[in-house]
Amino acid sequence: TMNVINNYQNVVKNINILGRIPFSGNSDIVTGEALGSNLNLTLANALSANGIDASKVTIYYSQNGNATKDLENPANGWVTSTEDLSTVKSYLIVLNDYEMATGTTLTFNYNINIPENLTHNMSSYATYVVYFDNVAQDGTTSEKAVATKVGLSTGEGPELQVSISSNLENGANVEEG
């Protein structure tokens, strides 16, 4: 569940939410730094929106794990529907002709599939960025709010190191028994 809250003293508009689902090797949308994911999780269902008229929301999906919010860039591969949700790495939620009033909360949801038989030392993280225009009295500015990464971990497991050595003199034979 993602909550987008307008904490400004004025409306915000032209809202786009660009996110990454948890998958191995994903990176921060703004900095490009690795999120530390080494586990692939997949979407179990399409994203849904609450707190807003569905006609004001367009949800896009992409197999590109580094897709940007640019709908015109074909490399991003944005589509509004996909037959195979397991290939989705990024999503883009566009709010159309919508001004978000102060104190308003919008909620977006998706479920993920977690693989069976996981081992220790596995983790996967998701993140998203909200891009918007802040309509203040002294002018409108384009801004962004970066969500804290969230994820899951199987926890750290023990690491066992085993070695075999011998103290035989050079040329000595090892005998059975």
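Numbering starts at 1 and runs along the sequence shown. Not measured: the values here are computed from a predicted model.
Under the 4.5 Å side-chain criterion, counting only non-hydrogen atoms from C-beta, Ser24 is not in contact with Leu39. Taking the side chain as every heavy atom from C-beta outward, Leu43 and Asn111 never approach each other to under 4.5 Å. Val4 has its side chain within reach of Phe108: a pair of non-hydrogen atoms, C-beta onward, lies under 4.5 Å apart. Looking at heavy atoms from C-beta onward, Leu152 lies in side-chain contact with Ile114 at the 4.5 angstrom threshold.
In this structure, Val162 belongs to a hydrophobic cluster whose other members, linked by side-chain heavy atoms under 4.5 Å apart, are Leu160. Grouping Ile, Leu, Val, Met, Phe, Trp and Tyr residues whose side-chain heavy atoms lie under 4.5 Å apart, directly or via other members, places Trp78 in a hydrophobic cluster with Leu18, Ile29, Val30, Tyr60, Leu71, Leu92, Val94, Val129, Tyr131, Val146. Residue Leu35 belongs to a hydrophobic cluster whose other members are Tyr125, with links defined by side-chain heavy atoms closer than 4.5 Å. By the 4.5 Å side-chain criterion applied to Ile, Leu, Val, Met, Phe, Trp and Tyr, Val150 is assigned to no cluster and stands alone.
Looking at residues two or more places apart in sequence or on another chain, you find a side-chain contact (heavy atoms from CB on, under 4.5 Å) between Asn7 and Ile5. In terms of the side-chain hydrogen bond (donor to acceptor under 3.5 Å, both in side chains) criterion, Asn40 has no residue partners (sequence neighbours excluded). Qualifying side-chain contact (heavy atoms from CB on, under 4.5 Å) partners for Asn10, counting only residues two or more places apart in sequence or in other chains: Tyr8, Asn134, Ala136. Take Thr31 and apply the side-chain hydrogen bond (donor to acceptor under 3.5 Å, both in side chains) test, not counting sequence neighbours, and it matches Asp28. With sequence neighbours left out, the side-chain contact (heavy atoms from CB on, under 4.5 Å) criterion links Thr68 to Asp70, Asn76. Partners of Thr148 according to the side-chain contact (heavy atoms from CB on, under 4.5 Å) rule, which considers only residues two or more places apart in sequence or in another chain, do not exist here. Not a single side-chain hydrogen bond (donor to acceptor under 3.5 Å, both in side chains) links Asn73 to another residue, sequence neighbours left out.
In this structure, a donor-acceptor pair under 3.5 Å is present between the side chains of Asp53 and Ser55. For Thr107 and Asn3, the side-chain atoms include at least one donor-acceptor pair closer than 3.5 Å. With hydrogens and angles left out, the side-chain atoms of Asp133 and Thr140 include no donor and acceptor closer than 3.5 Å.
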Intermediate values then yes/no, side chain to side chain contact (heavy atoms under 4.5 Å, CB included), Leu41 and Asn113: CA-CA 6 Å; Leu41 304 180; Asn113 295 310; over 6 Å; no
Take Asn66 and Ser27 through the test side chain to side chain contact (heavy atoms under 4.5 Å, CB included) and record every step on the way to the result. CA-CA 8 Å; Asn66 294 310; Ser27 58; 3.5 Å; yes
Side chain to side chain contact (heavy atoms under 4.5 Å, CB included), that's the test. Do Thr58 and Asn96 meet it? Break it down for me. CA-CA 7 Å; Thr58 306; Asn96 308 298; 2.8 Å; yes
Between Met100 and Val12, does the side chain to side chain contact (heavy atoms under 4.5 Å, CB included) criterion hold? Intermediate values first, please. CA-CA 5 Å; Met100 188 174 187; Val12 296; 3.7 Å; yes
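The two residues Gln63 and Lys89 have their closest heavy-atom pair at O-CG, 3.2 Å. In terms of heavy atoms, Leu47 sits closest to Ile59 at O-CD1, 3.6 Å. Between Tyr128 and Gly19, the shortest heavy-atom distance links the atoms CB-CA, 3.7 Å. Of all the heavy atoms in Thr119 and Thr154, the pair that sits closest is O-OG1, 2.7 Å. Taking all atoms of both residues into account, the shortest heavy-atom contact from Ser90 to Arg20 is OG-NH1, 2.9 Å.
Side chain of Asn6 to backbone of Ala101: a donor-acceptor contact under 3.5 angstrom is found. A donor-acceptor pair under 3.5 Å is absent between the side-chain atoms of Asn26 and the main chain of Gly36, judged by distance alone. Of the possible donor and acceptor atoms, none in the side chain of Asn14 sits under 3.5 Å from a partner among the backbone N and O of Phe132. Distance alone, capped at 3.5 Å, places no donor-acceptor pair between the Ser86 side chain and the Thr42 backbone.
If you chain together hydrophobic residues whose side chains sit under 4.5 Å apart, Val11 and Leu95 never meet in one group. Connection of Ile52 to Val135 is not established within any shared hydrophobic cluster, with ILVMFWY side chains joined at heavy-atom distances below 4.5 Å, either directly or through further cluster members.
Residue pairs meeting the ring-ring contact (aromatic ring centres under 6.0 Å, His included) criterion with at least one member in residues 83-102, sequence neighbours excluded: Tyr91-Tyr110.
The neighbour count for Asp97 CG, taken as heavy atoms of other residues, nucleotides or ligands under 6.0 Å away, does not exceed 12.
Here the NZ-CD distance, from Lys149 to Glu33, works out to 9.5 Å after rounding to the nearest 0.5 Å.
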